[in-house]
Amino acid sequence: MATLSMVPTSTLLASSNLGRVNRYSGMAFASSVKEVKGEGNLPKLVLTSTHGSEAEIYLFGGCVTSWKAASGKDLLFVRPDAVFNGQKPISGGIPHCFPQFGPGPMQQHGFARNMNWSAVDSENVEGNPVVTLELKDGPYSRSMWDFSFRALYKVILNKNSLSTELVITNTDKKPFSFSTALHTYFSASVTGASVKGLKGCKTLNKDLDPTNPLEGKEERDVVTFPGFVDCIYLDAPNVLHLDNGLGDIITVKNTNWSDTVLWNPYLQMEACYRDFVCVENAKIGKVQLEPEQSWSAIQHLSID
């Protein structure tokens, strides 16, 4: 069982009230945030920074599907087989895995990516949009996981960065445990993509047999994607560097996401595997929360 890292009032959730507009009431957003109809007429939030960057978030799944830094290049990837019908999770961007990462007693990667999140707050901070989404339990989630919870997901867009914070709170009267991850898809040229910073990590390599991972240790300074890749890096460092093979170096920083997962499906997705790699911040070991306790983790993506 992973040791719970109790989090005081979050630095992100305690951000300044500067530029705040009325709390989201179903209509009003900060001026830098617009609600539009996305693919399949699903509600989508468009975040625009005065510094030239843009991001898009679907309320279905609480999924960030686009992040364009000031250069205008989209650094995230949405698969061509992604569906936007509100029935299946959106395949691409930054999907949530909660309260289960991978296979297990409930459906693959849990239910958070299959549910409608609500926008509960938005603000402008020095020209940068900040949005907070919320997910609570309901009949659908309770059919798989019979607990009451609240998830808050704050997204902050800056000129050359995208920050997210996930806060999970146990609102039940009994304890529960969960695992979670952000299944981030980055646009990439898979033959040129690589990740630095994982040398020395304990690995659980699922390449040969996903049901029986092979334990090992990463000996490479630079990890590449030569074929099918599905590997968990335990107790990963809080700073990694992704070379996407397209001329960009993306810094992936985290707080309290203890593990990293690298994934590329190779020939299992012939139509698109060449165009993306997944570098996922994760909490593989179970987090246990007592009633009224919270767990928090921050991801910060940036590009020079």
Side-chain angles (χ1 to χ4, degrees), residues 33-48 53-69 72-98 100-103 106-119 131 133 135 140-141 144 151 153 155 157 162 164 166 180-191 193 210 225 228-230 242 244-246 248 250 252 261-282 299 301:
V33 180
K34 292 183 179 180
E35 182 176 13
V36 301
K37 288 184 178 180
E39 296 285 337
N41 287 325
L42 293 177
K44 180 176 73 173
L45 304 183
V46 178
L47 284 59
T48 305
S53 55
E54 186 175 287
E56 298 180 356
I57 311 169
Y58 277 82
L59 295 183
F60 179 73
C63 186
V64 179
T65 53
S66 177
W67 166 42
K68 296 177 181 176
K73 182 187 296 186
D74 204 331
L75 298 165
L76 301 180
F77 182 80
V78 175
R79 286 168 22 194
D81 62 342
V83 295
F84 294 82
N85 60 7
Q87 302 298 315
K88 297 179 63 177
I90 298 170
S91 300
I94 311 179
H96 289 274
C97 303
F98 173 84
Q100 172 184 291
F101 174 76
M106 68 187 78
Q107 63 191 17
Q108 177 85 353
H109 293 321
F111 50 72
R113 61 182 189 158
N114 288 343
M115 295 181 68
N116 289 309
W117 295 57
S118 300
V131 170
L133 305 184
L135 181 68
Y140 177 71
S141 69
M144 292 172 271
Y153 188 54
V155 180
L157 177 68
L162 181 76
T164 65
L166 178 66
T180 183
L182 296 178
H183 199 316
T184 309
Y185 288 71
F186 290 99
S187 291
S189 171
V190 71
T191 55
F225 297 82
F228 179 78
V229 174
D230 189 358
L242 166 67
N244 66 10
L246 300 172
D248 307 299
I250 300 170
V252 182
V261 181
L262 300 188
W263 181 70
N264 181 271
Y266 195 48
L267 298 179
Q268 293 180 10
M269 293 182 187
E270 176 66 27
C272 63
Y273 80 88
R274 301 172 184 84
D275 301 322
F276 76 90
V277 296
C278 286
V279 181
E280 310 168 32
N281 277 317
Q299 171 172 276
L301 308 177

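- Taking CZ from Phe186 and CG from Leu76, the interatomic distance works out to 6.5 Å, rounded to the nearest 0.5 Å.
- Ring planes of Phe101 and His109: tilted class, angle from 30 to 60°.
- Distance NE2/His183 to CD1/Ile90: 14.0 Å, rounded to 0.5 Å.
- Considering all non-hydrogen atoms of both residues, Ser189 and Gly245 come closest at CB-O, 3.8 Å.
- Nearest heavy-atom pair across Ser141 and Met115 is CB-SD, 3.9 Å.
- Distance check, rounded to the nearest 0.5 Å: CZ of Arg79 to CG of Asp275 gives 12.5 Å.
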### Message
Assess the residue pair Tyr153 and Thr164 against the criterion (side-chain contact (heavy atoms from CB on, under 4.5 Å)); give the C-alpha distance rounded to whole Å, side-chain angles, the decisive distance to 0.1 Å, and a yes or no.
### Response
CA-CA 7 Å; Tyr153 188 54; Thr164 65; 3.4 Å; yes

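- Between Thr184 and Asn281 the shortest side-chain heavy-atom distance does not fall below 4.5 Å.
- Looking at Gln299, its side chain never comes within 3.5 Å of a backbone N or O of Val252 through a donor-acceptor pair.
- When all heavy atoms of Leu75 and Ala69 are compared, the pair lying nearest together is CD1-CB, 4.3 Å.
- Residues Gly102 and Gln108 share a closest heavy-atom pair of C-OE1, 3.5 Å.
- With a 4.5 Å cut-off on side-chain heavy atoms, Glu54 and Val46 count as touching.
- Phe276 is listed as a side-chain neighbour of Pro265, based on a closest heavy-atom distance under 4.5 Å.
- Counting heavy atoms from C-beta on, the side chains of Ile250 and Val279 never come closer than 4.5 Å.
- When all heavy atoms of Asn244 and Ser187 are compared, the pair lying nearest together is CB-O, 3.3 Å.
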### Message
With side-chain contact (heavy atoms from CB on, under 4.5 Å) as the criterion, how do Phe225 and Leu262 come out once you've worked through the C-alpha distance, each side chain's angles and the decisive distance to 0.1 Å?
### Response
CA-CA 9 Å; Phe225 297 82; Leu262 300 188; 4.2 Å; yes

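- Side-chain atoms of Trp117 do not come within 3.5 Å of backbone N or O of Cys63 as any donor-acceptor pair.
- Residues passing the ring-ring contact (aromatic ring centres under 6.0 Å, His included) test with Phe60, sequence neighbours excluded: none.
- Between the CG atom of Leu157 and the CG atom of Leu301 there is a distance of 11.0 Å, given to the nearest 0.5 Å.
- Without hydrogens or angle criteria, Asn264 side chain to Phe228 main chain gives no donor-acceptor distance under 3.5 Å.
- Between the side chain of Thr65 and the backbone N or O of Ile57 there is no donor-acceptor pair closer than 3.5 Å.
- In this structure, CG on Asn116 lies 11.0 Å from CG on Leu133, to the nearest 0.5 angstrom.
- Within the 4.5 Å cutoff, side-chain heavy atoms of Leu59 are placed close to those of Leu45.
- In this structure, Tyr58 contributes its side chain and Glu39 its backbone to a donor-acceptor pair below 3.5 Å.
- Scanning all heavy atoms of the two residues, the minimum distance from Pro89 to Asn114 falls at CD-OD1, 2.9 Å.
- Using a 4.5 Å heavy-atom threshold, the side chains of Val78 and Tyr185 count as separate.
- The salt bridge (Lys or Arg N to Asp or Glu O under 4.0 Å) test applied to Lys73 returns Asp248, not counting sequence neighbours.
- A search for salt bridge (Lys or Arg N to Asp or Glu O under 4.0 Å) contacts involving Glu56 returns Lys44, not counting sequence neighbours.
- In this structure, the separation between NZ on Lys68 and CG on Leu47 is 13.0 Å, given to the nearest 0.5 Å.
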